There are 2 protein chains.
Amino acid sequence: MKLSTKGEYGLRAMFDLAQRYGTGPVSLKSIAARQEISEHYLEQLIAVLRKAGLVKSVRGAQGGYMLAREPEEIKVGEIIRALEGPIAPMECVSEEDPEECHRSESCITRKIWRRVRDSISEVLDAITLQDMCDEAEKERQKNDYYMYYI
Amino acid sequence: MKLSTKGEYGLRAMFDLAQRYGTGPVSLKSIAARQEISEHYLEQLIAVLRKAGLVKSVRGAQGGYMLAREPEEIKVGEIIRALEGPIAPMECVSEEDPEECHRSESCITRKIWRRVRDSISEVLDAITLQDMCDEAEKERQKNDYYMYYI
DNA sequence: CAAAATACCGAGTAATTTGCTATGATATTT
DNA sequence: AAATATCATAGCAAATTACTCGGTATTTTG
C-alpha cells in the first residue's frame with residue numbers, strides 16, 4: 001500500500017519546478033542536486049511527465065524543463081497518476097478500465113476498495129502545486145518570525 | 001499504490017468467517033474453496049491473522065477457524081494492517097515508527113502523504129465486519145425483491 | 001486403535017517490480 | 001567545434017509477491 005519513489009521523486013521535482021515557475025528552463029541536473037535524486041533516474045521520470053503533458057522541455061545548452069501549465073492548474077493527483085498509474089487500491093476498482101472478476105456482482109469487499117480509492121483521489125485532486133508553494137511560503141514566514149525573537 | 005492479494009484474500013476470508021460467526025469452527029479448506037484462494041497460501045495469511053489475535057483456531061478433525069471477537073468489534077483496518085503492515089503511502093508517514101528523512105523539517109510533500117494516510121485509515125477504520133455482513137444482507141434482500149416481480 | 005481430517009510450520013521458487021546504472025544519440029547555445 | 005542539455009534504450013541487482021511443497025501435530029471418528 002505504498003507509493004514508489006516514482007511518485008515521491010516526481011512530485012518533489014514538480015514542486016521544485018513550481019517554485020521556479022516563470023524563470024526560464026530549469027536543468028535536470030539542478031533539480032536532481034536540490035532534491036537529491038539520481039540524475040539518470042529522474043530523467044526517466046520527467047520523460048513520463050513530459051509525455052503526460054505536465055512539463056515542457058528546452059533542449060541544448062541552457063535548456064531544461066518547466067511546467068507546461070501554471071502551478072494552480074496542476075493537481076497533485078495528475079502527477080501521481082502519470083507516474084504511478086490510475087489510483088487503484090485494488091485492480092477491480094481502478095480508475096481506468098478496472099478488470100472485474102467474476103464474483104463482482106455480489107462482492108462486498110469491492111465497495112470498500114472503492115471508498116478507499118475515492119478518498120485518496122479526493123485528497124490528491126484537492127491540492128495543486130500552487131497550494132504547495134503557498135504552504136512553503138507560510139513555512140518560511142513562520143521561521144522568520146521565530147528568528148526575530150531568538 | 002495497490003494492496004497485495006494478502007489484504008484482499010485476508011479480508012475476504014475474514015468476511016467469510018464473519019458470515020459464519022457463532023456456528024463453530026470453519027475449515028480452511030472450505031474458506032479457500034468458497035473464496036477461490038489457494039489453500040496453502042491462505043494458510044499463511046490466516047496464520048498472520050491468528051498471531052494478530054483476530055482469529056482463533058481449533059485443531060483436529062472438525063476443527064477450523066473462527067473470529068476471535070464479535071464481527072462488530074473487528075474493523076477492516078485491523079485486518080489490513082495485520083496483513084499489509086501499517087498504513088503508509090510513504091515510509092516517512094508510516095503509522096508505526098516512520099523513518100524521517102533529513103529533509104523532513106521543511107518537507108511540504110510529507111503533509112500530502114499524511115493526509116492521504118489519514119483518509120485511508122479513516123475509511124478502513126469506519127467499517128467493521130458486521131457492517132459488511134449487513135451490507136450483504138441488504139444485497140440479498142434487494143435480489144429477493146426483484147425475484148418476486150420477475 | 002487406526003485412519004481420516006484438520007491445523008501448524010518452514011523452506012523453496014518463479015515472476016514481477018523497483019530503483020537504479022550505462023551508453024549513446026540528438027539538439028542548441030556559445 | 002566544443003560544451004551543455006535533453007532524449008532513448010537496454011541492462012541489472014535486490015526486493016517483493018504469490019505461490020507450491022513436504023512434512024508434523026492434534027483431534028475426531030469408525
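In what follows, every chain begins at residue 1, and chains take the letters A, B, ... in the order their sequences are listed. Every value quoted in this text rests on a predicted model; they were computed, and no experiment measured them.
Look at NZ on A/Lys51: it is 12 Å from C1' on D/dT6, rounded to the nearest Å. Rounded to a whole Å, the CG atom of A/Leu42 is 14 Å from the C1' atom of C/dT21. Atom CD1 in A/Ile37 sits about 16 Å away from atom C1' in C/dT21, given to the nearest Å. Between the CD atom of B/Glu39 and the P atom of C/dC9 there is a distance of 17 Å, given to the nearest Å.
When every heavy atom of B/Leu45 is checked against every heavy atom of B/Gly10, the shortest pair comes out as CD1-N, 4.3 Å.
Among residues two or more places apart in sequence or in another chain, the side-chain contact (heavy atoms from CB on, under 4.5 Å) test is passed with B/Arg81 by B/Ile87, B/Glu95, B/Ser121, B/Asp125. When the salt bridge (Lys or Arg N to Asp or Glu O under 4.0 Å) test is applied to B/Lys29, no partner is found at least two apart in sequence or on another chain. Residues satisfying the side-chain contact (heavy atoms from CB on, under 4.5 Å) test with B/Arg20, not counting sequence neighbours, are B/Asp16, B/Thr23, B/Val26, B/Arg34. In this view, B/Glu39 satisfies the salt bridge (Lys or Arg N to Asp or Glu O under 4.0 Å) rule with no residue, not counting sequence neighbours. Considering only residues two or more places apart in sequence or on other chains, A/Glu99 meets the side-chain contact (heavy atoms from CB on, under 4.5 Å) condition with A/Glu91. With sequence neighbours excluded, the residues satisfying side-chain contact (heavy atoms from CB on, under 4.5 Å) with B/Gln130 are B/Pro71, B/Glu72, B/Thr128, B/Cys133, B/Asp134.
Side-chain atoms of A/Glu84 and A/Ser4 form a donor-acceptor pair, as typed in the model, at a separation below 3.5 Å. Using modelled atom types and a 3.5 Å distance limit, the side chains of B/Thr5 and B/Tyr41 yield a donor-acceptor pair.
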Between A/Leu67 and A/Glu73, is the side chain to side chain contact (heavy atoms under 4.5 Å, CB included) condition met? List the steps. CA-CA 10 Å; A/Leu67 296 185; A/Glu73 280 172 359; over 6 Å; no
Donor-acceptor contacts under 3.5 Å from residues 52-65 of chain A side chains, at least two apart:
none

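Here A/Met90 contributes atom CE and A/Ile112 contributes atom CD1; the two are 11.5 Å apart, rounded to the nearest 0.5 Å. From B/Ser38, atom OG reaches atom CD of B/Glu43 across 9.0 Å, with rounding to the nearest 0.5 Å.
Within the 3.5 Å criterion, the main-chain N or O of B/Lys75 finds a donor-acceptor partner in the side chain of B/Glu78.
Taking only distance into account, the side chain of B/Gln44 meets the base of D/dT20 through a donor-acceptor pair shorter than 3.5 Å.
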Between protein and nucleic acid, restricted to nucleotides 24-26 of chain C and to nitrogen or oxygen atoms under 3.5 Å apart, what atom pairs and distances do you find?
| residue | atom | partner | partner atom | Å |
| --- | --- | --- | --- | --- |
| C/dT26 | O2 | A/Arg59 | NH2 | 2.7 |

Every protein N/O within reach of nucleotides 1-4 of chain D N/O, cut-off under 3.5 Å:
| residue | atom | partner | partner atom | Å |
| --- | --- | --- | --- | --- |
| D/dT4 | O2 | A/Ala61 | N | 3.1 |

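Looking at which nucleotide of DNA chain D each of A/Arg50 and A/Met1 is closest to, the 5′-most match is held by A/Arg50.
Taking a 4.0 Å limit (strictly below) on heavy-atom distances, residues 77-99 of chain B does not reach DNA chain D anywhere. Using a 4.0 Å cut-off on heavy atoms, the residues of residues 25-36 of chain A that approach DNA chain D are A/Ser27, A/Leu28, listed by number. Interface residues of residues 2-12 of chain A facing DNA chain C, ordered by number: A/Ser4, A/Thr5, A/Lys6, A/Tyr9; criterion, heavy-atom separation under 4.0 Å.
Other residues, nucleotides and ligands contribute over 12 non-hydrogen atoms within 6.0 Å of the CZ atom of A/Arg117.
A salt bridge links B/Lys111 with A/Glu139; the closest basic N to acidic carboxylate O contact falls under 4.0 Å.
The side chain of B/Tyr41 sits closest to D/dA18 out of D/dC7, D/dA18, C/dC20.
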